[in-house]
Amino acid sequence: MSSSEPVVPIPAELLAAMPFAAGLGIELHEATAERTVGSLAWSPEICTVGGAVHGGALMALADSVGAVCAYLHLPEGAAGTSTVESKTNFLRAVTAGRVHATARPLHVGGTLLVVQTDLRDDRNRLVGQTTQTQIVLRKKTD
């Protein structure tokens, strides 16, 4: 591979940098600058009343997959990102199967990145949508 070819990130390595997401059971399937895809399996441990996946688990999925998308757009010299705002609309309950998250960048700037993440069930029905703003963290200089 020549130095001009982009480095393709390995989803498992990106997920390993987020112990909370890995502990929750989030899986990362694809990670590119254009689209980041992950999922979370239904389990009783992440549910609320009536066996529906808890909104916090859905938000954690969207935030984690969205954060990877933002990370893949970091400008040179940046140390990482941090979520500064996140808004989720919940549209339907998930009571079985997997929740699939697809994140895409809406705005890529030098200070702020905005990512939209669609959450879908196994029948490809939209169950939620998250828009998050990530701030670019700069490396500290002495």
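Under the side-chain hydrogen bond (donor to acceptor under 3.5 Å, both in side chains) criterion, no residue pair touches residues 106-115, with sequence neighbours excluded. The salt bridge (charged side-chain N to carboxylate O under 4.0 Å, His left out) pairs that include a residue from residues 73-85 number zero, where partners must be two or more places apart or lie in different chains. Residue pairs that meet the salt bridge (charged side-chain N to carboxylate O under 4.0 Å, His left out) test with at least one member in residues 28-45, sequence neighbours left out, are E30-R35. Sorted by first and then second residue, the pairs that involve residues 94-115 and meet salt bridge (charged side-chain N to carboxylate O under 4.0 Å, His left out), not counting sequence neighbours, are E27-R98.
Using a 4.5 Å cut-off between side-chain heavy atoms of Ile, Leu, Val, Met, Phe, Trp and Tyr, L137 falls into a hydrophobic cluster with V84, L112, I135. Alongside V115, the hydrophobic cluster contains no other residue (criterion: ILVMFWY side chains under 4.5 Å). V49 belongs to no multi-residue hydrophobic cluster, having no ILVMFWY side-chain contact under 4.5 Å with any other such residue.
A pairwise comparison of heavy atoms in L61 and A101 identifies CG-CB, 3.8 Å as the closest pair. A33 approaches L72 most closely through the heavy-atom pair N-CD1, 4.1 Å. Shown here for L15 and A21, the closest heavy-atom pair between the two residues is CD1-CB, 3.9 Å.
The line from OG1 of T117 to NE2 of H100 is 15.0 Å long, rounded to the nearest 0.5 Å.
In terms of the side chain to side chain donor-acceptor pair (under 3.5 Å) criterion, residue partners of R125 (sequence neighbours excluded) are, by chain and number, D121. Under the rule for a side chain to side chain contact (heavy atoms under 4.5 Å, CB included), the partners of V108 that lie at least two apart in sequence or sit in another chain are H73, P105, L113. Remark: K139 pairs with no residue by the side chain to side chain donor-acceptor pair (under 3.5 Å) rule, at least two apart or across chains. Legend: residues meeting side chain to side chain donor-acceptor pair (under 3.5 Å) with T81, ordered by chain and number and at least two apart, are Q134.
Using a 4.5 Å heavy-atom threshold, the side chains of D118 and Q116 count as touching. The shortest distance between side-chain heavy atoms of L119 and L126 does not fall below 4.5 Å. Looking only at side-chain heavy atoms (C-beta outward), L14 and Y71 come within less than 4.5 Å of each other. Proximity of S39 to I26: side-chain heavy atoms (C-beta onward) are nowhere separated by under 4.5 Å. Side-chain contact between T36 and T102: absent, with no pair of heavy atoms (C-beta onward) separated by less than 4.5 Å.
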List the atom pairs, with distances to 0.1 Å, where a side-chain N or O of residues 63-70 and a protein N or O form a donor-acceptor pair under 3.5 Å, not counting sequence neighbours.
from: D63; atom 1: OD1; to: T83; atom 2: OG1; distance (Å): 2.8
from: D63; atom 1: OD1; to: Q132; atom 2: NE2; distance (Å): 3.4
from: S64; atom 1: OG; to: A60; atom 2: O; distance (Å): 2.8

Could you walk me through whether N89 and Q129 pass the side chain to side chain donor-acceptor pair (under 3.5 Å) check? CA-CA 5 Å; N89 287 316; Q129 188 173 73; 5.4 Å; no
Verify side-chain contact (heavy atoms from CB on, under 4.5 Å) between L91 and V127, making sure each step is shown before the conclusion. CA-CA 5 Å; L91 306 173; V127 299; 5.6 Å; no
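M59 and V114 fall into different hydrophobic clusters, where Ile, Leu, Val, Met, Phe, Trp and Tyr residues are linked whenever their side-chain heavy atoms come under 4.5 Å apart, directly or through other members. Linking Ile, Leu, Val, Met, Phe, Trp and Tyr residues whenever their side-chain heavy atoms come within less than 4.5 Å leaves L24 and V37 in two separate clusters.
Without hydrogens or angle criteria, W42 side chain to C47 main chain gives no donor-acceptor distance under 3.5 Å.
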